[in-house]
2 protein chains.
Amino acid sequence: MRSALSVVCHALDMSVVKDARARARAEVVVAIKATAAQHLAQTGAAGLSLRAVARDLGLVSSALYRYFPSRDALLTALIVDAYDAVGEVAERADAAALAAGADPGARWLEVCRAVRGWARASPHEYALVYGTPVPGYSAPHDTVEAAVRLSRVMAAVVTAAAADGSLRPPQRPLPGPTLVTDAVAAVAGGAPPPPYEDLLERSLVLLTALIGTTSYLQFGHLHLALVDDDAWFDRAMAVAAEGVGLVLPLD
Amino acid sequence: MRSALSVVCHALDMSVVKDARARARAEVVVAIKATAAQHLAQTGAAGLSLRAVARDLGLVSSALYRYFPSRDALLTALIVDAYDAVGEVAERADAAALAAGADPGARWLEVCRAVRGWARASPHEYALVYGTPVPGYSAPHDTVEAAVRLSRVMAAVVTAAAADGSLRPPQRPLPGPTLVTDAVAAVAGGAPPPPYEDLLERSLVLLTALIGTTSYLQFGHLHLALVDDDAWFDRAMAVAAEGVGLVLPLD
DNA sequence: GCACGTCAAGAGCACCGCTCTCGTCATGCG
DNA sequence: CGCATGACGAGAGCGGTGCTCTTGACGTGC
């Protein structure tokens, strides 16, 4: 009877109920990731030590290899979580702005501020996601879904601006054929109509400006150059948004 | 007599002729930096091992500590050199474009391409300079002079555009007081005159766009998004340049 | 009730950054 | 000119790392 139930679980609910063994294993995995995330937040990716994580868990280092085949695998798992975190932050910021009746420009400014706020609150996680790639980093395949969440938010904002007529057409359209892949068009919901033929290329510039500016500030390259980082960041985002025709509210 | 000569050397030419000891020491220092740079280019900053460098030099690891007090100090020396390298690349590209009679827009495009070309040729050095900061990184004081070289090139291009009238004034000037420090104004050669009051803020956006876009491409975040990285990079720089009123040549 | 698979523990390997000590050699001073 | 000082390289060693392998205990499924 128990075995029959077990079979039923396997057939219907495998991913939810699972084996008792598998569930215990999953719990250990999340415990490892949790303490590893704590260490990451404190010491950074370079200082994350598998042995130290094991010590905190009351385990011996070799026991961790039952759950993660290598330190890089653990780090990759943390990267995926961090990607997801920034994606969720962006989505929530946009949803909140949308609920407050903000126009597309105001929505995007809130998204930018939220991403930068997350970067400042979690500098090491941010560096893991958008800084120098770690040498043994497995594959973008795990992260591509999580990474696309931010792009989707931007696509929604730009599409809304195009729909309500507030998106200004480019003064000087970019020459040549489209330069983005079909995957980008799929995320954006198809090729943009005239007069926005170069909108996808310009949208990637907008996304790059958000991450690039956040990184440049986060990594201290403008430390001696600015008297008010926050105000300049808002204006930098406004200048970048002009490139796609989006008008951000300032003051 | 020898001692008298030595005194003369000390008084007049100390930094050029030096002691025999000091010169030998300087040679060893450059040898260490050279092989360390090789290792850096191959394995990246994380994989740079003091012991491996010492082995390549036929030394024992402890001997290196006579020249660099720690691994981070050696890494910092490499960072300074890398900053200088990218600054020189930018300066040479601008000088070549200027000699070829290029207008400011064309000059800046060449500078952008040159910086990105250096990043692709020296990815680990680029990551060291513009990627995640290394934890034990000493001080920006050593690098600030080298880092300002690129800014100076940009300032020269933008100033030339303002001087020859090709710089378009902003359609929507940035509100509020100036956000940059006096150091930035000093590099730019003073506060910009009307109608370019926000030029320094916008110029920092331009610089950030160059580095941010190069990093975003270099770190693979647009790997699945673009069919022609080079063409998109040119257009991204053109879109960013629109933000300061600089017109880049495309096609 | 027994065998199997899973798990944690421990020892061990190679490598790392870094410190300390100890000969050696050239240098500069009296 | 002779000697003491100081710089230098070699080597051993410490604590740490990632990772592998073996061993023994435990709970589960047949």
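Chain identifiers are assigned alphabetically (A, B, ...) following the order of the sequence lines, protein sequences preceding nucleic acid strands; residue numbering begins at 1 within each chain. Note that this is a predicted model, so its numbers are computed, not measured.
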The contact string for nucleotides 5-16 of chain D, one letter per nucleotide 5' to 3', using protein heavy atoms under 4.0 Å with B, S and - for base, sugar-phosphate only and none, comes out as ---BBBB-B---
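Within a heavy-atom distance below 4.0 Å of DNA chain D, no residue of residues 30-43 of chain B is found.
The two residues A:A225 and B:L204 come nearest to each other via the heavy atoms CB-CD1, 4.2 Å. Residue A:Q42 comes nearest to A:H124 through the heavy atom pair O-CE1, 3.8 Å, listed as atom of the first residue, atom of the second, then distance. B:L75 and B:L48 make their closest contact through CD1-CD1, 4.1 Å (heavy atoms, listed as atom of the first residue, atom of the second, distance). Of all heavy-atom pairs spanning A:V129 and A:A82, the tightest one is CG2-CB, 3.3 Å. Considering every non-hydrogen atom in both B:L150 and B:A90, the closest pair reads CD1-CB, 3.5 Å.
Within the structure, every pair that satisfies the salt bridge (charged side-chain N to carboxylate O under 4.0 Å, His left out) test and touches residues 115-128 of chain B, not counting sequence neighbours, is listed here: B:R116-B:D230, B:R120-B:D230.
One atom, CG of A:L75, and another, P of D:dG18, lie 11 Å apart when rounded to the nearest Å. The nearest whole Å value for the distance from the CG atom in B:L50 to the P atom in C:dC18 is 7 Å. Between the C1' atom of D:dC19 and the CG atom of A:D72 lies a distance of 12 Å, rounded to the nearest Å. Between the CZ atom of A:R71 and the C1' atom of D:dG18 there is a distance of 9 Å, given to the nearest Å. Computed from coordinates, the A:F68 CZ to D:dC19 P distance equals 13 Å when rounded to whole Å.
Among the atoms of the strands shown, none is found under 4.0 Å from any heavy atom of A:L57.
Comment: A:E110 does not engage A:R92 in a salt bridge, judged by the lack of any side-chain N to carboxylate O separation of less than 4.0 angstrom.
Atom CH2 in B:W232 sits 7.0 Å away from atom CE in B:M237 (nearest 0.5 Å).
Here C:dC16 is the nucleotide among C:dC16, D:dT17, D:dC19 with the atom lying nearest to any side-chain atom of B:A52.
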